[in-house]
Amino acid sequence: MYELAIIWDWLGFAIRWLHVITAMAWIGSSFYFIALDLGLRKAPDLPEGAHGEEWQVHGGGFYHIRKYLVAPERMPEHLTWFKWESYSTWLSGAALLMVVYWAGAELYLIDRTKVDLAVWQGIAISAASLGVGWLVYDRLCKSPLGERPTLLMVLLFGLLVAMGWGYTQVFTGRAMMLHLGAFTATIMTANVFLIIIPNQKVVVADLKAGRVPDAKYGKIAKLRSTHNNYLTLPVIFLMLSNHYPLAFATEWNWVIAALVFLMGVTIRHWFNTRHAGTGNPHWTWAVTVLLFLAIMWLSTAPLRQGDLDEAEARELSASERVYAEAEGFEEARDIVLGRCSMCHAREPVWTGVRRAPKNVLLETEAEIAAHATPIFLQAGASHAMPPGNVTWMEEDERRVIVAWYRAANGG
């Protein structure tokens with residue numbers, strides 16, 4: 001079990017690295033094709049069925065690109081499909097969700113001050129919400145609202161706000177932000193997997209069979225692709241938010257998330273307009289700054305930390321009792337209180353620290369027991385904490401933490 005904690009942490013790191021790599025590939029190709037699509041120009045020598053063309057220069061060479069709204073008359077021998085970037089991003093993200101939030105549900109997912117959920121219940125809500133969200137969104141897109149894209153976008157925004165509010169009623173603030181990002185990413189990948197790629201395959205099959213493809217398939221795919229375009233930047237923010245308690249741990253975290261989605265619209269609108277060559281809407285800069293200032297103001301609301309007396313009176317969970325009753329806990333607890341709690345407190349006393357880093361609180365026995373693995377990894381197996389060893393934690397003290405953790409895990 002002692003070695004498992006280290007292996008598991010490295011596994012999480014590896015999956016996170018993979019997730020970042022695949023996300024870069026997906027977002028990069030998505031942004032490229034949006035810019036390409038908006039930058040297409042008419043030309044007198046375009047072949048029949050071609051919508052526009054663009055000349056590009058990169059890496060010392062020139063590229064001549066043409067787009068067909070439906071399909072060319074003849075299917076080319078080589079056709080590159082852009083889909084695996086999306087699939088691998090979602091799959092690696094799902095794996096990371098399981099490794100961090102499902103395996104660490106008692107610490108990162110469930111907030112028993114809101115709803116006293118069993119671990120399996122929290123995981124079930126987590127998994128089901130992602131699938132249900134896609135079903136609701138897909139139904140809206142396939143309804144007559146699909147012919148009214150602006151209204152559909154407004155309803156999609158309302159759905160995302162409602163999900164953010166719902167998540168914060170049952171999960172920790174950190175899990176709320178992450179799940180709202182995963183909810184949105186599920187919609188985006190499902191758009192690719194269930195709508196865009198299947199429609200393109202229908203067109204390819206028609207071409208091979210000598211039939212004229214129906215233009216409706218391209219229109220449907222275009223609608224979903226537009227949604228993905230505007231949702232990308234908020235997803236990145238939500239995935240990064242777990243490092244910033246001012247974003248996820250405040251009273252109005254779900255409102256902050258809602259404003260981030262609006263910022264995604266204003267930022268992408270500026271880029272889209274510029275790429276289309278139809279203007280330079282500087283007003284989007286002002287709106288984005290105002291939205292960000294509103295987020296900063298909302299973050300000054302009280303953090304969701306709970307009362308210290310209530311925290312001290314809380315009954316320990318079964319897993320917390322394992323660490324609290326293990327040999328060496330009292331000594332390790334005193335070390336944490338002496339070396340860590342000046343920052344990791346509801347009212348930090350360390351100069352310059354106004355909020356507990358990552359909203360990790362280490363003031364009670366239950367809180368220290370709950371964070372046993374992070375304490376071991378950060379201050380026992382490594383010297384990451386305290387940062388710069390500003391509180392002068394001794395090597396003997398680090399060995400005490402390691403011994404306590406190993407004793408709790410039978411090692």
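Bear in mind that the values here come from a model prediction, so they are computed numbers and not experimental data.
Contact between Ala381 and Ile6 at its shortest, heavy atoms only, is CB-CD1, 4.5 Å. Of all heavy-atom pairs spanning Asn229 and Asn272, the tightest one is ND2-ND2, 2.9 Å. Residue Glu85 comes nearest to Ser88 through the heavy atom pair O-OG, 3.3 Å, listed as atom of the first residue, atom of the second, then distance. Minimum interatomic distance between Trp26 and Ala185 (heavy atoms only, all atoms of both residues): CH2-O, 4.5 Å.
Ring geometry for Trp84 against Tyr87 counts as perpendicular: the plane angle is over 60°, on a 0 to 90° scale with 30° as the lower cut. Ring pair Phe183/Tyr167 is perpendicular by interplanar angle, where above 60° counts as perpendicular and below 30° as parallel. In this structure, Phe33 and Phe82 have perpendicular ring planes: the angle between them is above 60°, well past the 30° mark.
Taking the ring centre of Phe31 as origin, the terminal cationic atom of Arg268 falls inside the region bounded by 6.0 Å and 45° from the ring axis.
Proximity of a side-chain donor or acceptor of Glu367 to a complementary backbone N or O of Glu365 within less than 3.5 Å is not detected. Distance alone, capped at 3.5 Å, is enough to place a donor-acceptor pair between the His19 side chain and the Thr89 backbone. At least one donor-acceptor pair closer than 3.5 Å links the side chain of Thr273 to the backbone N or O of His269. At least one donor-acceptor pair under 3.5 Å links the side chain of Ser241 to the backbone N or O of Leu238. Looking only at distances, a side-chain donor or acceptor of Arg398 sits under 3.5 Å from a matching main-chain atom of Ala379. A donor-acceptor pair is defined here as one N or O able to donate and one able to accept, closer than 3.5 Å; such a pair exists between the side chain of Trp404 and the backbone of Tyr323. Here the side chain of Asn242 pairs a donor or acceptor atom with the backbone of Met239 at under 3.5 angstrom.
Residue Arg148 qualifies as open at atom CZ: its count of foreign heavy atoms under 6.0 Å is 12 or below. Counting heavy-atom neighbours within 6.0 Å of Arg354 CZ, excluding the residue itself, gives a total of 12 or less.
Comment: Lys219 does not engage Asp214 in a salt bridge, judged by the lack of any side-chain N to carboxylate O separation of less than 4.0 angstrom.
Paired with Phe171 under the rule side-chain contact (heavy atoms from CB on, under 4.5 Å), one option of Val115, Leu178, Ile125 passes, and it is Ile125. The side-chain contact (heavy atoms from CB on, under 4.5 Å) test with Arg339 is passed by exactly one of His344, Met393, Met385: Met393. Of the candidates Tyr137, Trp90, Trp134, Thr186 forms a side-chain hydrogen bond (donor to acceptor under 3.5 Å, both in side chains) with just one, namely Trp90.
How far CZ of Phe261 is from CZ of Phe157: 8.5 Å, rounded to the nearest 0.5 Å. The structure places CZ of Arg333 at 13.5 Å from CG of Leu362, a figure rounded to the nearest 0.5 Å.
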Show your working on salt bridge (Lys or Arg N to Asp or Glu O under 4.0 Å) between Arg174 and Asp111 and close with a plain yes or no.
CA-CA 10 Å; Arg174 175 173 168 170; Asp111 186 343; over 6 Å; no
